[in-house]
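Counting starts at 1 for both ligands and their atoms, in listed order.
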Amino acid sequence: MAGFVSIRNLRKSYGTFEALKGIDLEIEKGEVVCVVGPSGSGKSTLIRCINRLESFSDDSTILVDGTPVMPGRALAKVRAEVGMVFQGFNLFPHLTVRENVMLAPRRVRGANRATAGEQADRLLQRVGISEQADKYPDYLSGGQQQRVAIARALAMEPQVMLFDEPTSALDPEMVGEVLDVMRDLAGTGVTMVIVTHEMGFASQVADRVIFMDGGEIVEAGPPNELLGAPKHPRTRNFLSAVLNH
Ligand SMILES: Nc1ncnc2c1ncn2[C@@H]1O[C@H](COP(=O)(O)OP(=O)(O)OP(=O)(O)O)[C@@H](O)[C@H]1O
């Protein structure tokens, strides 16, 4: 049966270089999937294809809640259902924290100012930074900015949240506060796909961990199996390199 996010034969090339070599992946509604693997294995490319920030081969199919992720009118529907959080926080520097969170509901959904403002305040409370609402992003720490970015993505009430190494650009002492917000979110029924190098976090929150290497899914399974007792030698090599680092 097709998953809530259904990926079939996903191929992506940059010139002659094949970054994704035919990925098949079904993600259930509410499932939390962590994608791990070495640098350059195609993790970011995979999740960027899900909302078509990257184009992909014509013979590949991605469906989100049954809607094909293809150029055209349906793409706006998919993008409204899929929130994304990047490594860099990508907040608008000329807008306050609250205005950053209000922007998409106002522009895309036509929400009025009061409704969008109330929702922003609720979301900022949820990510623990209500007191920063009237500041500009540059005055916030990296961890706080990333929490605003999560609130901003949640403001569209997405069905799916994509996270592309959300803690990689943070100073170590700020990683925990962002992972805590994501951990809370994982308990709320939002479907999450998370590219991460945080193996401890993946083992705690993931329903399934996917190991990618060379543009392919080498192995996938529940965290205790994939991280605890990987079957494939490439997974074992990767994990021993990461964990002994
Ligand atoms: N715009 C691009 N043009 C050319 N090659 C690209 C482009 N984006 C990515 N690639 C290549 O595609 C491959 C997969 O990149 P991707 O960023 O998906 O890897 P990744 O697993 O997310 O790596 P990392 O953990 O370092 O972020 C890499 O070899 C990368 O160099």
Side-chain angles (χ1 to χ4, degrees), residues 5-25 27 32-62 64 69 71 75 78-79 82-90 142-143 145-146 149-150 153 160-172 174-175 178-179 182 191-203 205-206 208-221 223 226-227 230 232-245:
V5 177
S6 174
I7 299 172
R8 304 263 168 91
N9 186 34
L10 178 59
R11 295 180 182 279
K12 164 77 187 173
S13 296
Y14 295 105
T16 55
F17 174 73
E18 246 193 324
L20 298 176
K21 297 179 182 162
I23 302 275
D24 292 306
L25 178 62
I27 299 172
V32 178
V33 174
C34 286
V35 184
V36 305
S39 183
S41 56
K43 307 180 297 294
S44 296
T45 306
L46 168 64
I47 67 164
R48 290 169 64 85
C49 285
I50 296 176
N51 60 355
R52 216 175 167 107
L53 289 180
E54 299 286 351
S55 63
F56 46 83
S57 169
D58 288 343
D59 59 2
S60 307
T61 320
I62 302 181
V64 174
V69 180
L75 192 55
V78 168
R79 291 210 171 130
V82 180
M84 181 132 186
V85 175
F86 302 90
Q87 184 176 340
F89 325 118
N90 303 18
Q145 289 189 52
Q146 193 57 300
I150 294 172
V160 182
M161 283 282 282
L162 308 175
F163 293 87
D164 192 1
E165 298 189 32
T167 59
S168 297
L170 298 177
D171 291 336
M174 291 168 194
V175 169
V178 172
L179 295 182
M182 293 169 65
T191 309
M192 294 167 74
V193 188
I194 307 164
V195 173
T196 185
H197 292 285
E198 300 285 342
M199 298 301 154
F201 171 78
S203 72
V205 305
R208 190 160 39 134
V209 180
I210 286 169
F211 172 68
M212 285 185 71
D213 195 10
E216 297 169 319
I217 294 179
V218 174
E219 190 173 345
L226 191 120
L227 300 173
H232 202 288
R234 280 153 83 187
T235 322
R236 281 202 291 274
N237 287 344
F238 168 73
L239 288 174
S240 65
V242 173
L243 298 174
N244 294 330
H245 180 65

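- Remark: the backbone N or O of M212 is not paired with any side-chain donor or acceptor of K43 at under 3.5 angstrom.
- In this structure a side-chain-to-backbone donor-acceptor pair under 3.5 Å is present from E219 to H232.
- Every residue meeting the ring-ring contact (aromatic ring centres under 6.0 Å, His included) condition with F238, not counting sequence neighbours, appears here in chain and number order: F211.
- The 4.0 Å heavy-atom shell around ligand 1 contains residues Y14, F17, A19, P38, S39, G40, S41, G42, K43, S44, T45, E165, H197, ordered by chain and number.
- The environment of CG in D58 is sparse: at most 12 heavy-atom neighbours from other residues, nucleotides or ligands sit within 6.0 Å.
- Closest approach of S60 and N9 over heavy atoms only: OG-O, 2.8 Å.
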Subject >> Step-by-step side chain to side chain contact (heavy atoms under 4.5 Å, CB included) determination, Q87 to D164 >> reply: CA-CA 6 Å; Q87 184 176 340; D164 192 1; 5.8 Å; no

